[in-house]
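Notes follow the structure.
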There are 2 protein chains.
Amino acid sequence: MAFEQLQLKNQLCHRLYMASNSIARAYREPLAAINLTYPQYVVMMALWQQDQITIAQLIQTTSIDGGAMTQILKKMEDKALLTIVKDQDDKRKRLVKLTHQGQGLKVDAAEVPKQIMCKFSQVDAAQLGQLMQLLDLVVGDLKEN
Amino acid sequence: MAFEQLQLKNQLCHRLYMASNSIARAYREPLAAINLTYPQYVVMMALWQQDQITIAQLIQTTSIDGGAMTQILKKMEDKALLTIVKDQDDKRKRLVKLTHQGQGLKVDAAEVPKQIMCKFSQVDAAQLGQLMQLLDLVVGDLKEN
DNA sequence: ACATTTTAATTTGCATGCAAAGTATTTACA
DNA sequence: TGTAAATACTTTGCATGCAAATTAAAATGT
């Protein structure tokens, strides 16, 4: 029997696993400088894009797990980056809102992507674009069942 | 000031985050059928490729964190998939060895990649190959420094 | 209106990823 | 040779990702 399919080096999943961990690791230092973890940074990016959204919308935008989101938001609220208030129209929902401090962090955060881009020497911008397109296709294929 | 770099939809890291989680999620069911978690599956693939290696070699091959590896191997040993013995030449080292049962699992595991490939409809084999190459470049760039 | 179902969040338990500290051996070096 | 440095693992603490159970509130159906 042929087991090429079980060769680690032929596995897309393992490439993604390594690439995802690698880039998360690369973000760790720059993000630590502004006191954010990676998922917290993703939440901030979502809120800088659109503020005053429900937790469900935040989950939708970020693809972060709901169970994790509760914990992440709690820590971010402790750091006074945002506040969470009940939606008066639908009391099941809770609205997430950036604080002044949370909004201000955007300026410092803008440095983070630049620092990351500096790390790329073998890959050019066109290839990164192509890579993102391919990743979108993969995510799309895996989305529905 | 322009903040395009902080747009979530322009971030490679977020694409990788989603793609990696998506594919890990896709593996969950098929792997549960053979009672393996994803990292455990990676360890098994490494061992099916080369058995009787040290934990350091296993870490090198799989890119799994050392601290996590200890725990993962412990659970796999409990499931009787492998055994761990001290290397008599260098007593710091420990050798990981598949059990008969661990070796036998390879046949069932061979079905897993096939089931995953079935999920891809938008992406063809050539694109998957290209994607893997690009991911290698990214990992390479992020490796040093 | 009332019960059922659906939606929005939180909570809990398990399995990592990762940094940092700790232990046991082995190597290297003065 | 004796001590410092390096190597191979393990342990611990924190932050998720995810599934499953739970709670609260709103929407549906009869």
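Residue numbering restarts at 1 for every chain, and letters A, B, ... go by the order of the sequence lines.
For the pair A:Thr70 and B:Tyr38, both in contact range of DNA chain C, the more 5′-proximal nearest nucleotide belongs to A:Thr70. Each of A:Gln40 and B:Lys93 was assigned the nucleotide of DNA chain D with the nearest heavy atom; the assignment lying further toward the 5' end belongs to B:Lys93.
A:Leu31 places its CG atom 14 Å from the C1' atom of D:dT16, with the value rounded to the nearest Å. As rounded to whole Å, 10 Å separates atom P of C:dC14 from atom NZ of B:Lys75. In this structure, the CZ atom of A:Arg94 is 17 Å from the C1' atom of D:dA26, given to the nearest Å. Taking atom CG on A:Leu73 and atom P on C:dA8, their separation rounds to 16 Å, with Å as the unit.
The list of side-chain hydrogen bond (donor to acceptor under 3.5 Å, both in side chains) pairs with a residue in residues 23-44 of chain A, not counting sequence neighbours, reads A:Tyr27-B:Gln11, A:Gln40-A:Lys79.
Residues from residues 44-55 of chain B that place a heavy atom under 4.0 Å from any atom of DNA chain C: there are none.
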Using a 4.0 Å heavy-atom cut-off, write out nucleotides 17-29 of chain C from 5' to 3' as B (base contacted by protein), S (sugar-phosphate only) or - (no contact).
-> SBS-----BS---
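Take A:Lys106 and apply the side chain to side chain contact (heavy atoms under 4.5 Å, CB included) test, not counting sequence neighbours, and it matches A:Trp48, B:Phe3, B:Leu6. A:Asp136 pairs by the salt bridge (Lys or Arg N to Asp or Glu O under 4.0 Å) definition with B:Arg15, not counting sequence neighbours. For the salt bridge (Lys or Arg N to Asp or Glu O under 4.0 Å) test, residues two or more places apart in sequence or in another chain that qualify with B:Lys114 are B:Glu111. Residues forming a salt bridge (Lys or Arg N to Asp or Glu O under 4.0 Å) with A:Glu77 (at least two apart in sequence, or on another chain): none. With sequence neighbours excluded, the residues forming a salt bridge (Lys or Arg N to Asp or Glu O under 4.0 Å) with A:Asp90 are A:Arg92, listed by chain and number.
Residue B:Lys74 has a polar side-chain atom (N or O) positioned under 4.0 Å from OP1 or OP2 of D:dT11.
Distance check: A:Thr54 OG1 to A:Gln60 CD gives 9.5 Å after rounding to the nearest 0.5 Å.
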Indicate every side-chain donor-acceptor pair of residues 123-131 of chain A with a distance under 3.5 Å to a residue at least two apart or in another chain.
| from | atom 1 | to | atom 2 | distance (Å) |
| --- | --- | --- | --- | --- |
| A:Asp124 | OD1 | A:Ala126 | N | 3.1 |
| A:Asp124 | OD1 | A:Gln127 | N | 2.7 |
| A:Gln127 | OE1 | A:Asp124 | N | 3.1 |

